[in-house]
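For reference, the structure discussed in these notes is given below.
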Amino acid sequence: MAGISRPRGTEDLLPEPLARLNRVLAAGLQVARAHGYRQIETPIFESTDLFVRGVGESTDVVTREMYTFPDRGGRSLTLRPEGTAPVVRAFWESPLRQDPLPVRISYSGPMFRYDRPGKGRYREFHQFGVEVLGESEPEVDAEVIGLAWRWLERLGVSGTSLQLNSLGDRECRPAYRAALLEFFEPRMAALPELDRERLRRNPLRVLDSKELAGSGILDQAPRTLDHLCSGCREAFERVQEALEALGIPFAVNHRLVRGLDYYARTAFEVWHQELAGAQNALFGGGRYDGLSELLGYPPLPGVGFAAGLERVAMISAPPPQPMGPELAVLSAPPADQKAVVALADRLRAAGMAVLLDAGVRGLRAKLSFAERSGVRLALILGESELRERTVTVRRMSGRTQASVPLDGLEERLRALLGTGGSAEEGTS
RNA sequence: GUGGCUAUAGCUCAGCAGGUUAGAGUGCCAGGUUGUGGCCCUGGAGGUCGAGGGUUCAAGUCCCUCUAGCCACCCCA
């Protein structure tokens with residue numbers, strides 16, 4: 001087809017997929033609220049520097065995945081690739097900084113990464129995440145993980161596993177890094193090009209190398225967990241104890257390394273067995289105690305996670321039923337169209353979801369349309385009804401109908417529809 | 001960014017070894033009931049065969065480039 005097509009890696013969210021996404025998001029917001037988190041939203045674009053400094057210059061995200069552009073004032077802006085750095089920035093730039101710590105925040109919205117698209121991977125995708133700012137006690141790490149887990153439970157998702165690791169902090173990480181380099185130094189020649197590159201730029205990343213996965217070499221490599229300082233070791237134990245208290249199963253995975261630079265201590269991911277190998281991460285998160293300073297703000301510890309809504313939606317059950325209008329108002333030509341329009345408006349004002357089918361099209365076609373739209377009741381308004389100040393209310397399922405006076409119509413309809421017109425699900 | 005597979009109607013796909021006006025199912029519209037729906041019947045609209053170039057008397061079909069999707073890497077959500 002000719003015409004302009006959508007940019008690579010983007011999607012039009014049509015009613016069905018959007019309903020799924022909204023349902024997943026609504027559940028997340030609900031669980032977050034139950035944990036005392038308040039929702040915020042940050043801009044979709046930010047100063048490029050926020051991500052370069054926050055996410056880390058050597059990361060894939062910054063080196064090749066950012067949508068960066070100059071605006072008309074010559075500033076370098078970037079469509080946000082992730083949400084944590086913006087939340088920390090927003091905290092410091094707002095009255096939130098005066099709130100009693102810790103501050104608990106949830107956020108959601110589109111993120112952008114110039115990556116090669118595939119199933120479960122888009123250039124524009126949607127995340128839901130939470131952050132706890134100003135608290136270094138390890139129990140909040142478990143709280144954040146627990147929140148994520150309860151969210152999945154609420155969605156009825158199964159087949160997931162929680163991978164947990166500790167990356168050490170600025171006290172013990174340098175020593176570990178050195179040990180890792182020392183271990184690989186004599187083996188450099190045997191390493192694939194890619195892994196040599198990793199060791200140069202970001203040594204920890206070599207741990208989740210797929211090239212080396214089967215070689216056994218990683219099994220001999222020093223482990224982060226053996227090099228933790230006492231503070232990190234104690235914290236990691238407390239995280240695990242708290243998870244046990246929550247009854248959440250986890251697997252300690254000493255090869256789990258997060259891709260962004262700002263993580264310290266707790267790192268975790270939730271994987272799903274049915275998603276494709278590299279795209280099996282439903283969420284990722286961890287502690288980022290040094291991030292605030294990287295951004296040029298005072299020290300502020302933090303933990304959080306972010307989840308990909310598309311991926312979670314992919315493995316969660318579809319919504320019970322698509323929500324359409326509950327009744328249709330049909331004109332039977334040659335009825336007075338004004339009366340039909342007014343009736344639909346009157347019923348909408350009474351809180352009902354009303355589909356209007358006016359015009360000269362035949363009643364047969366209109367009923368067919370009403371049928372396929374899934375409405376439960378069709379209100380037929382024609383010349384005879386107008387003359388008698390009534391409306392014909394037809395129940396679609398039973399093909400039965402009755403004449404109802406226009407006066408007090410709302411009451412009768414509510415009774416027929418049963419309790420409560422269904423409300424809309426939350427939108428993003 | 002690398003490699004492989006794919007691209008025909010809104011959707012799912014046929015299209016035989018290159019040969020005249022490109023097909024099916026489904027969906028859409030209308031009629032079969034000038035006021036009554038899901039089935040059925042009849043008719044209709046809808047395609048620059050992803051885009052551009054090339055080979056050939058002739059290209060949906062062969063070749064090249066580009067674009068997009070999927071899969072495997074890389075990596076993440």
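Given the structure is predicted, the values throughout are model-derived calculations rather than measurements. In the text below, chain A, chain B and the rest are named by the order of the sequence lines, each starting its count at 1.
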>> Check the orientation of A/F112 and A/Y67. Use parallel for under 30°, tilted for 30 to 60°, and perpendicular for over 60°.
In response: perpendicular
> A/R89 and A/T42: side-chain donor and acceptor closer than 3.5 Å?
Replying inline: no
>> For B/rA77, is there a stacking contact with A/F125, counting only centres under 5.5 Å and planes under 30°?
In response: yes
Please tabulate the protein-to-nucleotide N/O contacts below 3.5 Å involving nucleotides 43-45 of chain B, giving atom names and distances.
none

> Which part of the nucleic acid, if any, lies within reach of A/M111 when heavy atoms closer than 4.0 Å are counted: base, sugar-phosphate only, or nothing?
Replying inline: nothing
> With sugar-phosphate meaning primed atoms plus P, OP1 and OP2, does A/G9 contact a base, only sugar-phosphate, or nothing at under 4.0 Å between heavy atoms?
Replying inline: sugar-phosphate
> Name the stems with RNA chain B in them: runs of three or more consecutive Watson-Crick or G-U pairs, distances under 3.5 Å?
Replying inline: B:1-7 with B:67-73, B:10-13 with B:23-26, B:28-32 with B:40-44, B:50-54 with B:62-66
>> Just the rounded figure in Å: distance from P of B/rC70 to CZ of A/R123.
In response: 11 Å
>> Need one value for A/R372: base, sugar-phosphate or nothing, where a base atom within 4.0 Å counts as base even if backbone is also close, heavy atoms only.
In response: sugar-phosphate
> A/R8 CZ to B/rC70 C1': how many Å, rounded?
Replying inline: 11 Å
>> In whole Å, I'd like the distance from the CG atom of A/L79 to the P atom of B/rA77.
In response: 17 Å
> Would you say the side-chain atoms of A/W149 and A/T160 include a donor-acceptor pair closer than 3.5 Å?
Replying inline: no
> In whole angstrom, what separates A/R6's CZ from B/rG50's C1'?
Replying inline: 13 Å
>> Distance alone, cut at 3.5 Å: any donor-acceptor contact between the side chains of A/E385 and A/T392?
In response: yes
> Distance under 6.0 Å and angle within 45° of the ring axis: does A/R123 meet both against A/Y114?
Replying inline: yes
> How long is the line joining CG of A/L379 and C1' of B/rU36, in whole Å?
Replying inline: 14 Å
>> Expressed as a whole number of angstroms, how long is the span from A/M66:CE to B/rG1:P?
In response: 17 Å
> Could you give the CZ-to-C1' distance, from A/R399 to B/rG38, as a whole number of Å?
Replying inline: 6 Å
>> Just the rounded figure in Å: distance from C1' of B/rG27 to CG of A/L14.
In response: 16 Å
Below 3.5 Å is the cut-off: list the nitrogen or oxygen pairs between protein and nucleotides 31-35 of chain B, distance only.
| unit_1 | atom_1 | unit_2 | atom_2 | d |
| --- | --- | --- | --- | --- |
| B/rG32 | N7 | A/R364 | NH2 | 3.2 |
| B/rG32 | O6 | A/R364 | NH2 | 2.2 |
| B/rU33 | N3 | A/R364 | NH1 | 3.1 |
| B/rU33 | O4 | A/R364 | NH1 | 3.3 |
| B/rG35 | OP2 | A/P333 | O | 3.2 |
| B/rG35 | O6 | A/E383 | N | 3.2 |
| B/rG35 | O6 | A/S384 | N | 2.9 |
| B/rG35 | O6 | A/S384 | OG | 2.6 |
| B/rG35 | O6 | A/E385 | OE1 | 3.3 |
| B/rG35 | N1 | A/S384 | OG | 3.4 |
| B/rG35 | N1 | A/E385 | OE1 | 2.8 |
| B/rG35 | N1 | A/E385 | OE2 | 3.2 |
| B/rG35 | N2 | A/E385 | OE2 | 2.7 |

> Of the candidate nucleotides B/rG69, B/rA77, B/rC71, which contains the atom at the shortest distance from the side chain of A/P117?
Replying inline: B/rG69
> Given B/rC29, B/rC70, B/rA77, which nucleotide is nearest the side-chain atoms of A/K119?
Replying inline: B/rC70
